[in-house]
S.K.: 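After the structure tokens below, expect a handful of questions from me.
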Amino acid sequence: MDSSGSDQDGMPPYRVRTSLRAIHVRLQVSPAEGLTVIVPRGFDLNRLPAIVEKKKTWVETHLRRFAAAAKSRSADPPALPETIALAALGESWQVEYRPAKTARVGVRSAEPGRLVVYGAVDRPSACLAALKLWLRGRTRETLVPQLIHLADSHGFKFREAVVRGQKTRWASCSARGTISLSYKLLFLENEAVRSVLLHELCHTVVMDHSPRFWALLTRFEPECKAIRKGMRGAERRVPAWAEG
Ligand SMILES: [Zn+2]
């Protein structure tokens with residue numbers, strides 16, 4: 001037996017349910033129905049506002065938690081891409097999603113410019129993970145050789161190159177000479193990428209950003225400061241699906 005809710009001043013709205021089995025008044029909070037007050041048969045409903053008032057903080061805390069949980073559930077993964085433009089390589093890929101009866105998702109390029117995402121393609125997060133793995137591989141195939149070529153032609157030495165999906169940095173160079181490249185570099189113009197690669201290679205000689213560092217970089221990249229300036233806000237070129 002439901003009766004309609006009440007919405008008095010500053011009071012959470014609630015519905016009242018009479019229960020034949022209830023002995024005491026009971027408050028129940030659920031994500032779907034909000035606050036329900038269960039009362040024994042014959043209970044004087046005029047007493048309810050005072051009872052609810054007393055439990056107000058408890059009720060509001062729970063309602064807030066439910067709302068927060070619902071919000072985080074509805075934070076959908078970003079939409080899957082239909083095309084992928086890799087500015088650094090001058091490549092554009094059409095993406096096709098092909099369902100197959102398997103729990104995993106794979107990516108393969110059947111022909112240049114065409115990418116097939118296959119498998120459990122109804123799982124967006126699995127598709128995103130597979131596409132990021134593909135970006136990583138593409139970076140390894142293209143930007144790492146470019147880094148090696150630049151190092152060879154300018155006489156730099158580094159220990160190894162690794163590809164990651166760093167959140168905030170395009171690339172970095174450790175004191176031990178490991179250069180990390182973010183696959184997000186693929187979304188930048190090649191001039192910017194080349195400048196980032198040279199920047200890290202110069203760090204194999206000068207670790208900090210002292211005048212000595214800039215003097216060294218300027219020798220290989222006279223426009224390095226202008227290019228760096230032009231890269232402000234370049235993170236926006238990275239599509240949402242490739243983030244994180
Ligand atoms: Zn630096």
Side-chain angles (χ1 to χ4, degrees), residues 75 77-81 83-93 95 107 109 115 125 127-244:
L80 296 171
T83 58
I84 300 176
L86 305 179
L89 312 178
E91 292 178 357
S92 179
W93 297 82
V95 189
V107 174
S109 47
L115 210 58
S125 58
C127 290
L128 289 174
L131 283 167
K132 285 178 198 169
L133 210 62
W134 178 77
L135 288 178
R136 235 172 243 250
R138 206 75 198 102
T139 307
R140 229 172 271 126
E141 290 161 10
T142 58
L143 300 190
V144 171
Q146 194 181 340
L147 179 73
I148 293 168
H149 176 76
L150 280 171
D152 288 347
S153 39
H154 296 306
F156 289 108
K157 282 197 167 52
F158 63 92
R159 203 169 135 260
E160 60 167 342
V162 294
V163 178
R164 303 176 201 270
Q166 292 108 304
K167 228 185 163 68
T168 52
R169 300 160 96 188
W170 298 112
S172 64
C173 178
S174 79
R176 297 184 62 203
T178 296
I179 294 180
S180 307
L181 304 181
S182 165
Y183 60 69
K184 293 170 194 171
L185 283 167
L186 293 171
F187 298 101
L188 302 186
E189 296 299 329
N190 194 256
E191 185 192 47
V193 174
R194 189 189 123 89
S195 188
V196 168
L197 300 184
L198 280 170
H199 182 117
E200 300 312 327
L201 287 171
C202 286
H203 275 319
T204 61
V205 180
V206 186
M207 271 309 284
D208 54 28
H209 290 134
S210 60
R212 214 181 121 226
F213 170 82
W214 291 111
L216 179 66
L217 181 54
T218 308
R219 262 173 54 201
F220 304 106
E221 185 75 286
E223 297 303 317
C224 62
K225 287 206 168 156
I227 296 170
R228 197 174 158 90
K229 221 171 148 186
M231 282 178 67
R232 270 187 211 146
E235 310 78 51
R236 282 194 297 270
R237 306 223 190 147
V238 180
W241 66 265
E243 286 293 352

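Both counts, for ligands and for their atoms, begin at 1 and track the order of listing.
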S.K.: Between the Zn ion (ligand 1) and H199, which N, O or S atom of the residue is the nearest one?
M.R.: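 In H199, the N, O or S atom with the shortest distance to the Zn ion (ligand 1) is NE2.
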S.K.: Quick check for you: with the Zn ion (ligand 1) as the vertex, what angle do NE2 of H209 and NE2 of H203 span, to 10°?
M.R.: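 If I round to 10°, I get 100°.
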S.K.: Using a 4.5 Å cut-off on heavy atoms from C-beta on, say whether the side chain of L217 contacts that of H199.
M.R.: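 H199 vs L217: side chains touch.
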S.K.: With rounding to the nearest 0.5 angstrom, report the CG to CH2 distance, L131 to W93.
M.R.: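 Output value for this atom pair is 12.0 Å.
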S.K.: Distance from E91 atom CD to L186 atom CG, nearest 0.5 Å?
M.R.: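 The CD atom of E91 sits 8.5 Å away from the CG atom of L186.
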S.K.: Look at C202 and state whether any of its N, O or S atoms is less than 2.8 Å from the Zn ion (ligand 1).
M.R.: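 No, outside the cut-off.
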S.K.: Salt bridge check: are R138 and E141 linked by an N-O gap of less than 4.0 Å?
M.R.: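 So R138 pairs with E141 through a salt bridge.
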